[in-house]
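Residue numbers start from 1 in every chain, and the chains themselves are labelled A, B, ... in the order their sequence lines are given, proteins ahead of strands. Computation of the quantities below employed the complete heavy-atom set of this structure, encompassing side-chain atoms and omitting hydrogens, waters and symmetry-equivalent molecules. As the structure is a computational prediction, the values presented were derived from the model and not from experiment.
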There are 2 protein chains.
Amino acid sequence: MTRKEEIVNAASQLFKEKGYSAVSVRDIAQATGMKAASLYNHIASKQEILSILILDLANEFTSGMANIRDREISPLQKIEKVIELHIDITVNQSEALAALNNDWMHLGEDDLASFVQMREDYEDNFRNIIKKGIKIGQIQPRHPEVILFSILSTLRTLYLWYQKRGKLDVNVLKKDMVAVLLRGIV
Amino acid sequence: MTRKEEIVNAASQLFKEKGYSAVSVRDIAQATGMKAASLYNHIASKQEILSILILDLANEFTSGMANIRDREISPLQKIEKVIELHIDITVNQSEALAALNNDWMHLGEDDLASFVQMREDYEDNFRNIIKKGIKIGQIQPRHPEVILFSILSTLRTLYLWYQKRGKLDVNVLKKDMVAVLLRGIV
DNA sequence: GTCTATAGTGGGATAGAC
DNA sequence: GTCTATCCCACTATAGAC
């Protein structure tokens with residue numbers, strides 16, 4: 001791991017705990033074992049750290065979704081793949097996920113625009129899968145927005161409790177999550 | 001509305017947009033139409049605003065949950081009532097809800113302890129309802145934590161999209177939400 | 001009850017020695 | 001590549017005039 005990666009890594013943990021704005025570069029420096037001034041040999045600004053965390057992850061979601069969208073499987077199977085995509089990313093990158101969820105509004109102008117666009121595209125792709133599923137009778141004809149956001153809300157905040165209650169095997173989690181989100185609890 | 005309520009109200013909107021730490025008392029003062037120093041005739045500190053927002057709302061959830069818990073209805077009907085409780089609060093207090101979700105960690109020591117306790121109690125009550133439902137065969141025998149947090153995640157972040165996509169009648173939303181969360185989408 | 005002025009602290013970031 | 005020292009600015013909060 002390069003020094004820069006170490007810094008980004010340490011920062012992501014702090015951002016998850018207190019949020020981007022409440023973390024100082026002095027905090028990040030201390031967590032990395034150096035003085036604040038030394039950070040600037042590796043990063044251009046505090047905001048650059050945030051951009052790296054959020055945009056790298058957003059790109060992962062974007063390419064993951066593109067793969068799913070283009071596969072020749074049914075809408076329901078695509079939704080299963082989306083659920084698995086979120087769970088895999090949550091397990092491996094819960095800190096960056098926290099920044100993406102909570103601190104995206106503190107990105108600089110250009111990165112903010114990119115992020116918002118990517119998020120809209122992602123939701124559009126997901127919405128189209130759901131609508132297709134409803135159209136061919138594979139999904140109940142409920143308001144698509146309610147379906148979209150009830151699934152997305154759960155997946156997006158999974159990082160908040162996956163570790164705490166943890167000890168859930170990833171494959172068990174995927175199986176139960178698919179069951180609960182698709183087939184309900186009744 | 002008293003001047004203090006106006007201040008708390010203005011602050012809650014700003015907190016929702018940028019988070020507690022990124023909002024200055026000057027921002028709050030400007031939104032209320034006064035100078036920063038004048039705020040302190042009405043509030044003791046910026047943190048007091050956060051405490052009011054979060055603890056008042058936490059108390060609403062706590063008493064709402066206590067009422068549901070003590071009613072003589074089935075576990076499934078209780079879950080429906082919990083869903084309706086969240087939707088009602090979301091519709092009326094989405095700004096405070098944002099603070100409760102994202103900025104609770106910036107509460108002072110004592111308020112933080114109260115809040116964490118209330119949240120644990122709330123989740124415990126909900127968990128017990130789910131376990132009871134599974135026990136009597138009214139709810140599928142899935143991992144209770146997965147059920148608990150998939151429902152709670154959706155309800156807790158409802159405030160993020162209720163307005164945006166809005167124009168959903170509250171009663172339609174309740175009906176569809178109950179259907180999606182309880183009976184799934186398949 | 002609101003204002004101006006300001007205290008006191010900590011923020012992000014840079015300069016320059018080593 | 002890391003450090004000490006420091007700049008400049010914004011922050012929360014207070015003092016005291018009106």
Side-chain angles (χ1 to χ4, degrees), chain A residues 1-55 95-96 98-99 102-112, chain B residues 1-55 95-96 98-99 102-112:
Chain A
M1 191 155 55
T2 69
R3 212 89 180 85
K4 181 165 184 173
E5 286 168 336
E6 278 178 32
I7 292 167
V8 170
N9 214 49
S12 71
Q13 301 236 23
L14 295 170
F15 292 169
K16 184 183 178 184
E17 287 164 24
K18 307 199 292 175
Y20 174 77
S21 302
V23 173
S24 71
V25 296
R26 288 172 174 83
D27 292 335
I28 298 169
Q30 191 175 27
T32 323
M34 52 169 69
K35 296 294 175 181
S38 309
L39 288 181
Y40 290 89
N41 277 299
H42 306 279
I43 55 154
S45 67
K46 181 185 165 191
Q47 209 180 41
E48 193 205 335
I49 300 175
L50 189 68
S51 292
I52 292 170
L53 283 170
I54 293 180
L55 291 186
E95 287 79 17
N102 304 319
D103 290 316
W104 56 270
M105 71 287 283
H106 301 116
L107 288 169
E109 212 175 2
D110 291 355
D111 288 338
L112 179 61
Chain B
M1 192 154 56
T2 68
R3 211 88 180 86
K4 181 166 184 172
E5 285 168 337
E6 279 178 31
I7 292 166
V8 171
N9 213 49
S12 71
Q13 301 236 23
L14 295 170
F15 292 167
K16 184 182 180 187
E17 287 164 22
K18 305 199 294 174
Y20 173 76
S21 302
V23 173
S24 71
V25 297
R26 288 176 175 84
D27 293 334
I28 299 169
Q30 191 174 26
T32 323
M34 53 169 71
K35 296 292 176 183
S38 309
L39 286 181
Y40 290 88
N41 277 301
H42 305 280
I43 55 154
S45 67
K46 180 186 165 189
Q47 210 180 41
E48 193 205 334
I49 300 176
L50 189 68
S51 292
I52 292 171
L53 282 171
I54 293 181
L55 290 186
E95 287 79 18
N102 304 319
D103 290 316
W104 56 270
M105 70 287 282
H106 301 116
L107 288 169
E109 212 176 1
D110 292 355
D111 288 338
L112 179 61

Which pairs, protein N/O on one side and nucleotides 12-15 of chain D N/O on the other, fall under 3.5 Å?
from   : atom 1 : to    : atom 2 : distance (Å)
D/dT12 : OP1    : B/V25 : N      : 3.4
D/dT12 : OP1    : B/K46 : NZ     : 3.3
D/dT12 : OP2    : B/V25 : N      : 2.8
D/dA13 : OP2    : B/Y40 : OH     : 2.8
D/dA13 : OP2    : B/K46 : N      : 3.0

Exercise. With sequence neighbours left out, what residues match B/E17 under salt bridge (charged side-chain N to carboxylate O under 4.0 Å, His left out)?
Worked result: none

Return the set of residues passing side-chain contact (heavy atoms from CB on, under 4.5 Å) with [X] (not counting sequence neighbours), or none when no residue passes.
{"X": "A/A37", "answer": "none"}
{"X": "B/K18", "answer": "A/H106, B/A22, B/V23, B/D27"}
{"X": "B/A36", "answer": "B/V25, B/R26, B/A29"}

Seminar exercise, completed: Residues pairing under salt bridge (charged side-chain N to carboxylate O under 4.0 Å, His left out) where one sits in residues 1-10 of chain A, two or more places apart or in two chains, turn out to be A/R3-A/E6, A/K4-A/E48

Which whole-number value in Å describes the distance from [X] [atom1] to [N] [atom2]?
{"X": "A/H106", "N": "C/dG12", "atom1": "NE2", "atom2": "C1'", "result": "15 Å"}
{"X": "A/I43", "N": "D/dG1", "atom1": "CD1", "atom2": "P", "result": "14 Å"}
{"X": "B/I7", "N": "C/dG1", "atom1": "CD1", "atom2": "P", "result": "10 Å"}
{"X": "A/H42", "N": "C/dT14", "atom1": "NE2", "atom2": "C1'", "result": "16 Å"}
{"X": "A/K35", "N": "D/dA5", "atom1": "NZ", "atom2": "P", "result": "11 Å"}
{"X": "A/I49", "N": "C/dG12", "atom1": "CD1", "atom2": "P", "result": "10 Å"}
{"X": "B/K18", "N": "D/dA10", "atom1": "NZ", "atom2": "C1'", "result": "12 Å"}
{"X": "A/D27", "N": "C/dT9", "atom1": "CG", "atom2": "P", "result": "18 Å"}

Exercise. Is the side chain of A/K35 donor-acceptor paired with the backbone N or O of A/Q30 at a distance under 3.5 Å, no angle test?
Worked result: no

